[in-house]
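Single-structure report; data block below.
Note that this is a predicted model, so its numbers are computed, not measured. Just so you know, ligand 1 is whichever comes first in the structure, and atom 1 is the first atom listed for that ligand.
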Amino acid sequence: YVSLRRRGRNLVGLCPFHSEKTPSFNLYPETGSFYCFGCGAGGDVITFVRRIENLDYMEAIRFLAQRAGLQVPENEADSGLSRLKARILEINRETARFYHQILISEQGKPGMDYLLGRGVTPKTIRHFGLGFAPPSRFELVDYLSRKGFHPEEMIQANVAFRSSTGRPVDRFFSRVMYPIIDLRGNVIAFGGRILGDGKPKYLNTSDTPVFRKSNGLFAMNFAKNSAGGGLILAEGYMDVIALHQAGFTNAIATLGTALTVEQARLMARYTGEVFLSYDADEAGQKATARAIPILRGVG
Ligand SMILES: [Zn+2]
């Protein structure tokens with residue numbers, strides 16, 4: 001976050017919390033604390049992570065633990081559930097990697113043509129980790145099996161389902177894939193848009209032990225860092241991506257559902273101002289009319 005130089009017992013660098021040309025940000029290794037003589041920001045490592053990553057206290061603890069490779073006791077009666085959650089997050093990360101590799105390969109050409117045709121740049125594709133689910137029904141399942149995951153875990157993660165013959169099958173195929181990432185940087189779900197006329201047009205991950213659709217917000221992992229001037233609530237994944245690419249990095253979207261109170265509360269943690277950017281058609285106007293009282297309700 002800050003490049004530091006040694007000065008005596010301390011380390012100094014340019015403060016990430018205000019704009020400056022000469023370093024007034026001091027790090028004190030002996031006490032594990034920091035202080036900026038320019039803007040007065042100071043505290044310990046948790047304060048630092050909370051401020052720079054815009055996290056609450058527990059999220060900052062988990063963020064640090066994750067980076068250090070430690071497990072935080074979740075106080076969950078069933079430690080099996082914690083293990084399952086961790087496995088699902090690993091599956092999701094591998095799955096996102098798999099879809100992205102397919103997208104940038106020859107096999108992903110239909111997805112790449114769609115995205116480039118909509119004006120999405122290769123840089124934006126990388127930034128959002130976009131992907132393509134191939135038309136084969138078994139490619140992801142085979143890939144995850146080779147990585148040591150059990151079909152039951154893939155089904156729990158909702159990236160696969162069991163066919164009538166009992167064989168696990170990829171849940172997403174022939175779709176452009178949008179990973180949903182939480183505030184700690186975990187891939188928690190996917191949205192998939194079909195290419196062509198198949199149905200449904202959008203298919204999202206159902207609720208899993210690590211994901212509830214009613215509180216997911218697409219691109220909130222990026223938008224939280226630029227929510228100071230308000231958040232833009234857009235209608236869909238592609239609207240959000242286009243807005244970010246145009247410099248509006250505070251744009252987010254719900255996951256194909258109407259705005260919920262939980263989502264509004266999450267937004268209220270980062271800003272008091274939300275701009276609604278729904279389409280001007282009838283559906284968009286209805287969604288706007290529904291969203292306004294929910295947003296008012298949480299302040
Ligand atoms: Zn400062």
Tell me, with the steps shown, if Val2 and Phe48 meet side chain to side chain contact (heavy atoms under 4.5 Å, CB included).
-> CA-CA 11 Å; Val2 184; Phe48 183 84; 4.2 Å; yes
Using a side-chain heavy atom cutoff under 4.5 Å and only I, L, V, M, F, W and Y, what cluster partners does Phe161 have?
-> Phe138, Val169
Would you mind listing every side chain to side chain donor-acceptor pair (under 3.5 Å) that reaches into residues 287-299, with sequence neighbours excluded?
-> none
When rounded to the nearest 0.5 angstrom, what is the spacing between CE in Met112 and CG in Leu130?
-> 9.0 Å
So, Ser226 and Thr249: side-chain donor and acceptor under 3.5 Å apart, yes or no?
-> yes
Could you count the protein N, O or S atoms found under 2.8 Å away from the Zn ion (ligand 1)?
-> 4
Can you tell me which residue pairs pass the side chain to side chain donor-acceptor pair (under 3.5 Å) test with a partner in residues 188-199, sequence neighbours excluded?
-> Tyr114-Arg193
